[in-house]
Amino acid sequence: MTSWQPSPESLGQLATFLKDSLSGFDKTAQKHAELMLKQAKQSPDFNNYLAYVLSSPQPPEGISYNEQEYHLVRSAAGIMLKNNVKSDWKQIPESSLQLIKMAVPMALQDKNSQIRNFSGNVATEIVHRGGLVAWPELLPQLMDLISNSNGQASDEAQEGAMSAMAKICEDNVGMLTKEVNGQRPLNFVLPQFIAATKSHLPKVRALALTAINVFTPRPSQAMLNSIDDLLQHLFTLATDDNSEVRRQVCRAFVNLVETRADKLQPHVGGLVDYILSQQKSDDEELACEAAEFWLAVGEHENLWGALEPYLNKIIPVLLECMVYSGEDIALLGGLSDDEDEEDREEDIKPAFAQSKKGRIANESSADPDKTGNAYEKLAAMDDDLEEGEVDDYEDGDDGSPDEKWTVRKCSAAALDVFAGDFKGPVFEAILPYLSQNLKHEEWPQREASVLALGAVADGCMPAVVPHLPQLVPYLISLLEDPEPVVRQITCWTLGRYSGWAANLADPAQKEEFFVPIMDGILRKMLDKNKKVQEAGASAFANLEEKAGSQLEPYCGPIVQQFVLCFGKYKDRNMYILYDCVQTLAERVGRFLAKEELAGQLMQALIARYNAVSDQSRELFPLLECLSYVALALDDAFSPYAPTIFARCINIIHSTLEQTMAASSSEAVDVPNKDFLITSLDLLSSIIQALNKDKSRELVSQSGQNFFELLTLCMGDPMDDVRQSAFALLGDCAKFAFSQLQPHLPNMIPLQVKQLELDHIMDEQAEAGFGVVNNACWSCGEVAVLYGKGMSPFIPELMQRLVDILSNPRVPRALQENAAIALGRLGLADPDQLAPHLSIFADDLLGAMSEIDPSDEKSSSLRGFSAAVAQNPQAMEKSLLGYFEAIAQFDDAQLESAEKQKLHEVFQNILNSYKQMMPQFGDFVGRLHPREQQALRTKYSV
C-alpha cells in the first residue's frame, strides 16, 4: 500500500482482539478485548493496522483464521476504523489518512457485501468530518467505478462504489449542494446517478435511485437541470423486474409531489394506474411505498384535486389493502386473554421525557399539540446507525403488524386524508363496502370496515352524522366481539366519533349516545386482553381531548376506573394510563381537586410512585403525569408535595453527580438526562400549584442545594434540560423570589449567554429556540421583581433581546416573548433602555401587537412606557404605532391593581405628548376612528 508495513506479531494480536470484541458468547474475552483495543488505540499506527486488515481479502502473515473468523476480524476493523474517524478526526496523522484513503477504495471492491458496506461507512465518515476537500479525488474515483469507464470494474466494485455514494449523499446533503471551489458537486454527480439507473446490475440501479431520492425532495439547480431526463428514466424504470428499483421509483414520485408537482400533473392518470398496480404487490415494502403516494398528493395544496376523477378507482384498492393479510393474521398469533401475563421487557416501548412546552407570551402563537395520529410512523431509534452495524436496542415486536408501518395503516391514513380533501363523496364511496362488511362473518372484514369508518371520521363527519344513531349502538356492541383485534379497532373508531356525541345539544341524546360510548371505552380499559386495554386507554384519552370540561359530571366513575386500572395494568399499559390521567387533569382542571376525587386518584398515583425506582424509565411519564395533576389539584396537592419535591431534587442531584463522574471516567455510564427534565418540570408544576407561602417553604427547606442544582442545569449541554431549567427559574421568580434573589448574580449571566442566537445550530433550531424562549420568559419574570439588581446586566440583555426581535428567522412566539422581556427591563431600569428606543421601538410594538391582553403584556408596556417617559423624542417614527397599542389594549381581564397602574402610565404618557405637540389633535386624527374613540373614552384625549 505504502512504504508502511505491519508487524506480523502485532497483526496477530490485533486480529485476536478484534475477533473477540464481536464475540457474543464469551463476555469475559469480549471485555478483555475491548480493554486491549482501547490501549492499542494510543499507538499512532493503530488506524494503519485497521485499514490494512479491512482491505486485505486474505489473512495476511501473522493471522491464522478460517474464512468465517477472518470475516469477523475485518468487520470489527471496519466498524472501529469508522468510529475512530468519527471521534478522533483531528488527531489522525496525515500519513494514516493517506493510507486509509488507499485502503477504502480497495475494500469497496471486495467480494463480500458486508465488507463493502463497512468501507462505505468509513468513506462517508471521512467526507462528513473533513468535507470533500479532505478527499477531492473520492467522487471521481467512485463515479469511474460505478460507470465502469475502463471496462475493468467488477460487478462488486460497481455495487460497492454506488453503495458508498448513496451513503455519502444521505449523510452530506448540504456539502453536495454547496459550492466547492466554485462548483456544486451535485451538478457533477446527479447526471451520472441518472445514467447509472441504466446499469445491468439491479442493485446499482436501486442504489442510484436511492442517491437521487436524497435530492428529489429538495429544490436545487442540479435537479432543475435534470428533471426531464430523470422523469424519462423513472417512467422507463417503472416496469423494472426488480422490486427494490420499483420501490425507489415510487419514492421518487412521492418526493416529486412536493417539489415538482407541475411535472407530475400532466401524467396523473398514468401515475394513478401505476401506483395502484404497485400497491397491490405482494412485496409489503413496495406496496407501502406506493401507498405513500396518496398521502403526498392528498396533502398537496394544488395537486390533490387532480385525483377526484379517479376516486372510484383508488378507494376500492385502499379498502382492499386495509384488510389484514393472511401473513399479518399469522403474525398476530390468535390474540387471547392475557391480562395476568407479565410484560416482557422488550414489549415495553422506550419512554422519553416530553419536555413541557415553552412558556409563551401568547397562546395563539403556539402550534396546537399534535396528538392521537393512529397511523403515525415511528421515528428511527438511532439516526447514526450505519448499514451493517447492529443497534443495541432490538424492537422485539417479532414483526407484529400492530407495531410497524404497513400498507394497511398507510391505506387507512390515505383514506383519512382523502376524507379531508373530498368530504362527503368519500363516505358515499365507502358506504356500500361498510354495508356489506360491518357485520361480516369473517373478523378481518369486520375489522377493516370499522377501521374505514374511523378513518373518515374527521373529514366526512357531516355526511356520517345522519347514520351515527344506527352505527354507534352497533359499534358499542362490537366492543364485546370475540376477536380482540376487532375490539381494539372499535375502541379507536368510537374515540374518533366521541366528539360528536360529547357535543350533542339535547341532554337526552347525550345520555343515549355519549354516555354509552364513554362507558363502553372505560370498560374496555379493563378488558381481559392487554392490547384491547391499551386501545381503550388510548381511545379514552382521545375522548377526554374532545369532551373537555363536559366530563366533569362523570369524573367520579372515570377516576374509579382509573384506580382499578392502576391496580391491574402491567408495565406497558401503565404508560398510556398516565396519559389518560394527565389529559383528564388538563381538561377538567381544578374540578379534579374535589376531596373525594383527589383522594382516590392520588392514593393510586402515590402507590405507583412509591413502587417505581429512581432508575426506571417509567419515572418519565409518571413525573410528567404528576406535573399535570399538581397543576389541576392546585393547593390540594400540598399533602403530597414535600415528599415528591425532595425526591425530584435527589434525582437531579444524583443525575448531575453521575454526569460529572462520567465526564472524568469512561468506566462510568452517562446517565439519561430525561430524569433531569421530568424532575425539573415537576418542580415547576409544584411551585405553581401551591400557594406562595408553601412554595417558598418547600424551596427554603431544600436549602442552598436547590439553586446550586438549578444553576448547573441552566448550563447543561442538552437543550431540553436547559429549557426546563429556565422555566423553573421563571417560576421561582414568580412564586419564591426572596429565596431566589441571593443566587441571581450567578444565574443571570447564564440567561445572557443563552440569548445568543449564534449558538443555535440549523439542524437543532427548534430545540434551540425553545431554550431561548424560556430564557426570555424567565428574564422578564426576574426583571419585574429584581429592580436595580438587573442594572449591571441590562446592556447585554437588551442587545440580545433586540437581536432576537430584529431577526427574521426567529419564530413569532419567541419574538413575542423577547418583546415582553425587553419591555419589562424598563421596570428595572428605564434609564438604560431610553437612549436606544429608536432602535427597537418599532420591532417591540410590532411583536406585541398580536399578543393577547395579560398581566405580562401590561407590565411590559409599563416598563416600555417608563423608558419612553425618559426619552419621548426618540419615539418620533414609532409614535403612531405606540398610540395604536395604547388604544387597542383591552384591560378588562387584568387584575384591578395592574389595571390601575397601566391606566395611570398610559394617561401620563398621553398627557405628556399632548403638552409637547402643538398639533397633537391632528396627529391623533391619523389613527383609525376606532382607536381615536378608544383614546377619547378611556383617556379623555
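Please read all numbers here as calculations on a predicted model, not as lab measurements.
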**Study point:** Minimum heavy-atom distance between Ala306 and Val268, given as atom pair plus value
**Key:**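 Where Ala306 meets Val268 most closely, the heavy atoms are O-CG1, 3.9 Å.
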Check your understanding: So, for Met165 and Val189, which heavy atoms are closest and what is the spacing to 0.1 Å?
Key ->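 That would be CE-CG1, 4.5 Å.
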Within the 4.5 Å heavy-atom criterion, are [X] and [Y] side-chain neighbours or not?
X	Y	value
Leu176	Val173	no
Trp294	Leu276	yes
Val249	Tyr274	yes
Thr177	Phe215	yes

Hydrogens and angles aside, do [X] and [Y] bring a side-chain donor and acceptor to less than 3.5 Å of each other?
X	Y	answer
Asn213	Thr210	no
Gln221	Arg184	no
Ser411	Gln279	yes

Practice item. Just do the side-chain contact (heavy atoms from CB on, under 4.5 Å) check on Asp416 and Arg496 with the steps written out, would you? Key: CA-CA 12 Å; Asp416 188 344; Arg496 302 265 286 180; 3.0 Å; yes
Review point. Are Asp720 and Arg722 ion-paired here, with the side-chain N under 4.0 Å from a carboxylate O?
Key: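 Here Asp720 does not pair with Arg722 in a salt bridge, since their nearest N and O are not under 4.0 Å apart.
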Practice item. Walk me through it: do Thr124 and Asp171 pass the test side-chain hydrogen bond (donor to acceptor under 3.5 Å, both in side chains)? Key: CA-CA 7 Å; Thr124 304; Asp171 288 1; 5.0 Å; no
Main-chain N/O of [Y] paired to [X] side chain as donor or acceptor, under 3.5 Å:
X	Y	value
Asn112	Ile115	yes
Glu545	Ala541	no
Asn807	Asp803	no
Gln158	Leu145	no
His233	Thr197	no
Ser226	Met223	no
Lys203	Met162	no
Thr259	Thr216	yes
Glu284	Val407	yes
Asp144	Ser149	no

Practice item. Using the side-chain contact (heavy atoms from CB on, under 4.5 Å) rule, take Lys313 and Asp273 through it: C-alpha gap first, then chi angles, then the decisive distance, then the call. Key: CA-CA 9 Å; Lys313 271 187 179 183; Asp273 290 336; 2.8 Å; yes
Check your understanding: Roughly how far apart are Met718 CE and Ser724 OG, rounded to 0.5 Å?
Key ->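 Output value for this atom pair is 9.0 Å.
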